[in-house]
Amino acid sequence: MQQLFPTIGIIGGGQLGKMLLEQTMLWQVPTIVLDQDAHCSAAPYAHELIIGSITDENAIEVLANQSDILTFEIEHINVNKLLSLHQQGKKIIPFPSVLNIIKDKSKQKQFYKENNIPTAPFVIVDNKQALLQHLDYLQQHHQKVAVKTCTGGYDGKGVFITSIDALKSDINSIPFDGALMVESFVNYTKELAVIVAKDTKGNIKTYPCIEMEFDEHSNLVAFLVSPADINPTIEKKAQQIALQAVQAFDSPGLFAVELFLTDDDDILVNEIAPRPHNSAHHTIEGFYTSQYEQLIRILLDMPLGNTEMIMPCAMINIVGTNKGSGAYQLKHWETLNSMTGVYVHLYGKQESKPNRKLGHITIIHPDRTKVLELAQKVRTLTEIEIINE
C-alpha cells in the first residue's frame, strides 16, 4: 500500500532544492517548486514546477494554495507574504518570523545581542558615509573589519573585508551602497559550523562540529571536514552556543550555525542559515541522516533521524572557472569516479560562470587522516572546462 504524504511546497529551485527533492523521491512525497527558471536544478525532480519569481506574492499564493506545507531554500524571498500566510494558519517551516530576522544582517546581529548570543562587536549604519563616525570604536577591537550589506548578499557576495585605515582614507572603496552591518574582523583559528534540527514537538538534535575553509577571494566554502579537529571542551561549547541560538528563534526547522573559534578559545556566532546549507552536504554520504532527510522528517512530523557520523568525511565545492562563462564539463570526471570513497554531485546548471557553485564532491573514509589525504588529491581534480560550441 502506498504511503500518503502531504504535499511540500518549496520556494526556490536551486541545488539545495534539488538535493531536498532527491530525498522526497525516495519516499514518494509529492512536491511543488516555485522558481522563475524552467531549467532550475530542482526542475527534473519536482512533481510540479510553478514558473514565477520567489519574491512575487501572487506566485507564492499559488504555491501555498496547492501545498500543505511550505519551506524555502533561499532567504531572499517575499517574507511579508509568508508572514501573512502563516498568520492565516498556513504551515510554514521554519516560521517566517525567523526568516524576517535572518534575511537582514542588521536584524540578525541585533537578535544575537538581545539574546546574549556571543558574536563579534558590530555597528549598523544607513550608508557608507555614516560609517565614518564609528571607525574609531571598531578600531578598539581590531584593525580589520568585515563590511556586509544588510540585505541581498549571498554566496560570498555583499561581503568586503578591509582595514580601518583604508576606510578612513577612502570610504567609497566599499563596493556596494545602502545599509551596512560592519563588524570587527575576528582573529580566529578555525571556522566551524553546527547543524541543528528542531521538530514541531520541540525535540532537538545537533550534528558534530564541521571545520570549514573559505576561499579568500570569493568568500565561498572551499573545503570542509567532519569531525572538526578540536578538543571535546570546544566541541561541547560550540554545540551549546548553537543550541542557544536556535532555541532563541523558537521555531522548528533545520539551522546551520556558523561559528568562529578565536585565538583565546572563545566561540562567536557568525551567521545562521534557516535551511539546508553548503556546510553540510557531506551528511548525504557521511551520516546516518543527511541534512536533507532531516528537514523532510521535520516537515512531515516524523521523528528526528540519527545525527551520528557513519565515518569521517570531507567536502569540496566545484565552482565555475574565472576563464569565462558558458556550457561546461568537469575535466577529470572519469578519474574522480574511479576513486573509492569519492562521490561527485553535479547540480545540473546550464551554464558555468566565475565562482558559480556547480556541484560538490564528498570524500569518506574510516580514517580521518586518509580523508584529508584523499581530499587533497581530489582538490586538484575539480577543474571546470568551458566547452566552445
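The figures here come from the full heavy-atom set of this structure, side chains too, leaving out hydrogens, waters and symmetry mates.
Considering CD of Glu211 and CG of Leu192, their distance stands at 6.5 Å, rounded to 0.5 Å. Atoms CD1 and OG, on Ile32 and Ser67 in that order, are 4.0 Å from each other to the nearest 0.5 Å. Summarising the geometry, atom NZ belonging to Lys237 is positioned 11.0 Å from atom CG belonging to Leu259; distances are rounded to the nearest 0.5 Å. From Asn78, atom CG reaches atom CD1 of Ile60 across 4.5 Å, with rounding to the nearest 0.5 Å. Residue Thr55 holds its OG1 atom at 11.5 Å from CG of Asn80, rounded to the nearest 0.5 Å. Between the OG1 atom in Thr71 and the CD1 atom in Ile10 there is a gap of 7.0 Å [rounded to 0.5 Å].
Residues Val186 and Ala120 approach most closely at CG2-CB, 3.6 Å, considering heavy atoms. Scanning all heavy atoms of the two residues, the minimum distance from Met181 to Cys150 falls at N-SG, 3.6 Å. Summarising the geometry of Ala166 relative to Thr162, their closest heavy-atom pair is CB-OG1, 3.5 Å, with the distance given to 0.1 Å. Closest heavy-atom contact between Tyr288 and Ile310: N-CG1, 3.6 Å. In plain terms, the two heavy atoms of Pro354 and Asn322 that are nearest each other are CB-OD1, 3.4 Å. Across every non-hydrogen atom of Leu49 and Ala43, the tightest pair is CD2-CB, 3.9 Å.
Residues Val33 and Glu48 form no side-chain contact, since every pair of their non-hydrogen atoms from C-beta on lies 4.5 Å or further apart. Side chains of Lys357 and Gln15 form a contact here, defined as non-hydrogen atoms less than 4.5 Å apart. Counting heavy atoms from C-beta on, the side chains of Lys349 and His39 never come closer than 4.5 Å. Residues Lys198 and Ile298 are not in side-chain contact: their nearest non-hydrogen atoms beyond the backbone lie 4.5 Å or more apart. Between Leu63 and Ile11, some side-chain heavy-atom pair lies under the 4.5 Å cut-off. Put simply, the side chain of Leu346 reaches to within 4.5 Å of the side chain of Trp333, judged on heavy atoms. Using a 4.5 Å cut-off on side-chain heavy atoms (C-beta onward), Lys128 and Leu180 make contact. In this structure, Ile77 and Ile74 have side chains that are in contact, with non-hydrogen atoms separated by less than 4.5 Å.
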Start with the C-alpha gap between Thr119 and Lys113, add the side-chain angles, then the distance that decides, and say whether side-chain hydrogen bond (donor to acceptor under 3.5 Å, both in side chains) holds. CA-CA 8 Å; Thr119 195; Lys113 184 177 181 180; over 6 Å; no

Verify salt bridge (Lys or Arg N to Asp or Glu O under 4.0 Å) between Arg356 and Glu351, making sure each step is shown before the conclusion. CA-CA 9 Å; Arg356 188 183 196 191; Glu351 182 182 24; 5.1 Å; no

Could you go through the salt bridge (Lys or Arg N to Asp or Glu O under 4.0 Å) check for Glu271 and Lys148 one step at a time? CA-CA 12 Å; Glu271 295 181 357; Lys148 301 181 180 182; 3.0 Å; yes

Could you walk me through whether Glu22 and Lys18 pass the salt bridge (Lys or Arg N to Asp or Glu O under 4.0 Å) test, one step at a time? CA-CA 6 Å; Glu22 287 173 348; Lys18 171 188 181 288; 2.5 Å; yes

Between Glu57 and Lys81, is a salt bridge (Lys or Arg N to Asp or Glu O under 4.0 Å) present by the stated rule, with each step listed? CA-CA 6 Å; Glu57 65 175 41; Lys81 180 61 178 178; 5.4 Å; no

Would you please test Leu167 and Ser173 for side-chain contact (heavy atoms from CB on, under 4.5 Å) and show each step? CA-CA 7 Å; Leu167 291 179; Ser173 62; 3.9 Å; yes

Evaluate side-chain contact (heavy atoms from CB on, under 4.5 Å) for Leu243 paired with Val194, printing each intermediate quantity in order. CA-CA 9 Å; Leu243 280 171; Val194 175; over 6 Å; no

From CA spacing to verdict: side-chain contact (heavy atoms from CB on, under 4.5 Å), Asp68, Lys91: CA-CA 7 Å; Asp68 298 301; Lys91 186 175 182 180; over 6 Å; no

Please step through side-chain contact (heavy atoms from CB on, under 4.5 Å) for the pair Asp229 and Lys190, ending with a clear verdict. CA-CA 9 Å; Asp229 182 20; Lys190 294 182 186 294; 4.1 Å; yes

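A donor-acceptor contact under 3.5 angstrom links the side chains of Asp301 and Thr200, judged on distance only. In summary, the side chains of Gln108 and Lys103 do not present any donor paired with an acceptor at a separation below 3.5 Å, with no hydrogens or angles considered. Residues Gln139 and Lys168 have side chains that bring a donor and an acceptor to within less than 3.5 angstrom of each other. For the residue pair Gln88 and Ser84, a side-chain donor N or O sits within less than 3.5 Å of a side-chain acceptor on the partner. Inspection of the Thr362 and Glu285 side chains reveals an N or O donor paired with an N or O acceptor under 3.5 Å. A donor atom on one side chain and an acceptor atom on the other are found under 3.5 Å apart for Asp104 and Ser106. Lys105 and Thr149 are not linked by any side-chain donor-acceptor pair at a separation below 3.5 angstrom, with hydrogens and angles left out of the test. No hydrogens or angles considered: a donor-acceptor pair under 3.5 Å links the side chains of Asn317 and Asn278. Donor-acceptor pairing under 3.5 Å is recorded for the side chains of Gln239 and Glu235.
The aromatic ring centres of Phe255 and His277 sit 6.0 Å or more apart. In summary, the aromatic rings of Phe111 and Phe249 are positioned with their centroids under 6.0 Å apart.
Residue-environment remark: CD (Glu308) stays at or below the threshold of 12 foreign heavy atoms within 6.0 Å. At most 12 non-hydrogen atoms from other residues, nucleotides or ligands lie less than 6.0 angstrom from CG of Asp126.
For Arg379 and Phe223, the positive end sits near the middle of the six-membered ring, less than 6.0 Å away and at most 45° from its axis.
Hydrophobic clustering (ILVMFWY, side-chain heavy atoms < 4.5 Å, transitive): Ile234 and Phe260 are in distinct clusters. Taken together through direct or relayed side-chain contacts under 4.5 Å among Ile, Leu, Val, Met, Phe, Trp and Tyr, Val79 and Leu85 form part of one hydrophobic cluster. Hydrophobic clustering of Ile, Leu, Val, Met, Phe, Trp and Tyr side chains at less than 4.5 Å, counting indirect connections, keeps Leu254 apart from Ile204. Using a 4.5 Å cut-off between side-chain heavy atoms of Ile, Leu, Val, Met, Phe, Trp and Tyr, with links allowed through other members, Ile195 and Leu295 fall into the same hydrophobic cluster. In terms of hydrophobic clustering, with Ile, Leu, Val, Met, Phe, Trp and Tyr side chains grouped at heavy-atom distances under 4.5 Å, Leu381 and Tyr328 are assigned to a common cluster.
Sorted by first and then second residue, the ring pair (Phe, Tyr, Trp, His ring centres under 6.0 Å) pairs with a member in residues 340-364 read His281-His360, His345-His360, Tyr347-His360; sequence neighbours excluded.
Between His141 and Tyr137, the angle of the ring planes goes over 60°, which puts this pair in the perpendicular group of the 30/60° scheme.
Each of Tyr292, Tyr207, Phe287 was evaluated against His282; a single residue qualifies, Phe287, per the ring pair (Phe, Tyr, Trp, His ring centres under 6.0 Å) test.
Between the Glu383 side chain and the Thr380 main chain, no donor and acceptor come within less than 3.5 Å of each other.
Taking a cutoff of 4.0 Å between a charged side-chain nitrogen and a carboxylate oxygen, Glu385 and Lys323 do not qualify as a salt bridge.
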